[in-house]
J.: 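Dropping a structure here in structure tokens format, bear with me for questions.
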Amino acid sequence: MPHEAISVFDIFKIGVGPSSSHTLGPWRAAQRFIDGFYQKEQLFNIQSVRVLLYGSLAKTGKGHGTDIAVQMGLAGQDPVTVDVNSVEARIADIRAMKKLLLHGLHEIDFDPQEDIDFLVTESLPFHPNALSFLAILNDGQQVAETYYSVGGGFVVKEGEALNGKHAIQLPFPIDKADDILHWCRTTGLGISEVVMENENSWRPESETREGMLKIWQVMKECCFRGCHTHGMLPGGLNVTRRAADLNRKLINGRDYKNFDEWIKAIRDGGSDFKYTLDWVSCFALAVNEENASFGRVVTAPTNGAAGVIPAVLHYFIVFCNGNNNDRILQFMLTAAEIGSIFKKGATISAAMGGCQAEIGVSSAMAAAGLTEAMGGSQRQALMAAEIAMEHHLGLTCDPIGGLVQIPCIERNTMGAIKAITASQLALQSTPDFAKVSLDTVIKTMWDTARDMSFKYKETAEGGLAVNIPISLPEC
Ligand code: SF4
């Protein structure tokens, strides 16, 4: 079997909320479908396009913005660069005019109500997040392609090997936690140094550093924006944003327009336990409220769980004296490798494994990253990831109304706090005495995922999603 190589930039991706599997993945799939025609100079031969959404994409796609994502992708917009404030107007325009400008160049008739089918009773066997695109060309020829959004924004086209472009030979191939330890022991390097050596196979180290600091910048901007934006979240659940009120309360009503001044003011407030706890919650709420509002976020490893790592990183820079780029990169490189081994040994898709695959994985990533950045040993970092996941096992996915809001937003606060606790526990422990290894907990998570009813796998057909009566407007 060729080795699957996953880069830090596959795990941390700049995108648009609210969901990596239901928004970012389908967006990327639509881009790839239409770009294929553009590359073959057939774009202007397209007469019409239909989109079929299956399984979980059909069941919770409306709440997760899947229909919006595919229209944006077909229009040739990129989730990294699109002006997020323009999305609503663009979609309203398509709906009103019943026209879509494919790849930004070729206008066709397109009525989202008619041309996007939510096939709620149909699933494709390979993965619950499936979508097909059907194009009819001017000469009557039909072209159909099916894609699977397999979690964290990763997309696989039908018939394409799962590892596709990721089949590159790395100096230190890693599939399991034991491989990480093996390479650390053989080379004498720390986890983040081993990961950086692997990243060097893709690009020069300076580019990796620059790209990762850009990602950290997007996380900071997202957190800052979320902490300063009041109002209601979209989608019809009438959820009030809380991060901005909490921020205002904690900072005694003062206003900071500048990130660094804001962080300094938070730091100057001390490190009382409740104060620290409130800030960690505030950071996580802020990111996920931005995510729920179709804002710019970093998938870490998914959008629903996008708040855990920024919250723990902000905790690190404010309360652990960690405002240092080298240590922030150590954190992120280690965290990314943990996300990667969960993807290889289990899943990072809630449609496959429930919320343990999202919040659980992000918490494990953050726990390991924090431990490494705090100077813990490699074994303590892996132990921290194990502890964090152990206490997320069996966590179901049951978003009310199919929206990434309840329980998702608060759940990020829990994932962040558990990550910090897990890291602290590992830093105070001797890994020799640990009874459960990280590889064992990854296997256990996958076993649990397979035993879990489909109702708890991003279908909004179980748990809170059925016990909280709501009526969302059709849109
Ligand atoms: S419940 Fe968890 S897995 Fe499900 S949508 Fe919310 S954050 Fe994602």
Side-chain angles (χ1 to χ4, degrees), residues 15-26 55-66 69 127-129 149-154 233 235 237 239 284-285 287-294 297-311 339 342-343 346-366 388-389 391-419 445 448-449 452-468 470 472:
V16 177
S19 167
S20 44
S21 57
H22 288 53
T23 319
L24 184 59
S56 175
L57 289 187
K59 287 174 177 165
T60 59
K62 277 208 173 121
H64 286 58
T66 309
H127 195 281
N129 294 336
S149 177
V150 297
F154 288 83
L233 296 176
L237 262 188
V239 173
L285 293 175
V287 171
N288 285 83
E289 287 170 2
E290 280 298 293
N291 182 59
S293 316
F294 292 82
V297 295
V298 174
T299 297
T302 65
N303 277 30
V308 173
I309 285 173
F342 269 102
K343 182 176 184 301
T347 179
I348 56 169
S349 162
M352 293 290 276
C355 199
Q356 56 175 355
E358 289 208 17
I359 297 289
V361 173
S362 64
S363 186
M365 291 167 65
M389 174 51 79
H391 302 288
H392 281 95
L393 287 173
L395 190 64
T396 59
C397 170
D398 53 354
I400 297 177
L403 294 160
V404 194
Q405 297 183 10
I406 306 172
C408 319
I409 296 172
E410 277 181 6
R411 200 162 272 182
N412 279 264
T413 69
M414 299 298 146
I417 291 300
K418 282 194 200 177
M445 182 204 134
T448 310
M452 195 182 274
S453 162
F454 75 94
K455 288 193 293 185
Y456 303 114
K457 294 180 179 175
E458 218 164 2
T459 56
E461 291 180 356
L464 283 177
V466 296
N467 284 318
I468 304 294
I470 48 147
L472 293 178

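Both counts, for ligands and for their atoms, begin at 1 and track the order of listing.
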J.: Does the side chain of Phe342 reach to within under 4.5 Å of the side chain of Met365, using non-hydrogen atoms?
T.: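 Phe342 vs Met365: side chains apart.
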J.: Compare every heavy atom of Gly304 with every heavy atom of Glu358, then report the nearest pair and how far apart it is.
T.: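 In this case the closest contact between Glu358 and Gly304 is OE1-CA, 3.5 Å.
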J.: Listed by chain and number, what are the side chain to side chain donor-acceptor pair (under 3.5 Å) partners of Ser362, not counting sequence neighbours?
T.: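 Counting only residues at least two positions away or on another chain, Ser362 forms no side chain to side chain donor-acceptor pair (under 3.5 Å).
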J.: Could you tell me whether the side chain of Ile400 reaches within less than 4.5 Å of the side chain of Leu237, counting heavy atoms only?
T.: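 Answer yes - side chains close enough.
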J.: Determine the sole option in Thr60, Asn303, Thr66 for which the side-chain hydrogen bond (donor to acceptor under 3.5 Å, both in side chains) test with His22 is passed.
T.: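 Result for side-chain hydrogen bond (donor to acceptor under 3.5 Å, both in side chains) with His22: Thr60.
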J.: Is there a side-chain contact between Asn129 and Val150 (heavy atoms, below 4.5 Å)?
T.: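 Sidechains of Val150 and Asn129: no contact.
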J.: Less than 2.8 Å away from atom 2 (Fe) of ligand 1, how many protein N/O/S atoms can be counted, ignoring water?
T.: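 Atoms of protein N, O or S type lying less than 2.8 Å from atom 2 (Fe) of ligand 1 total 1.
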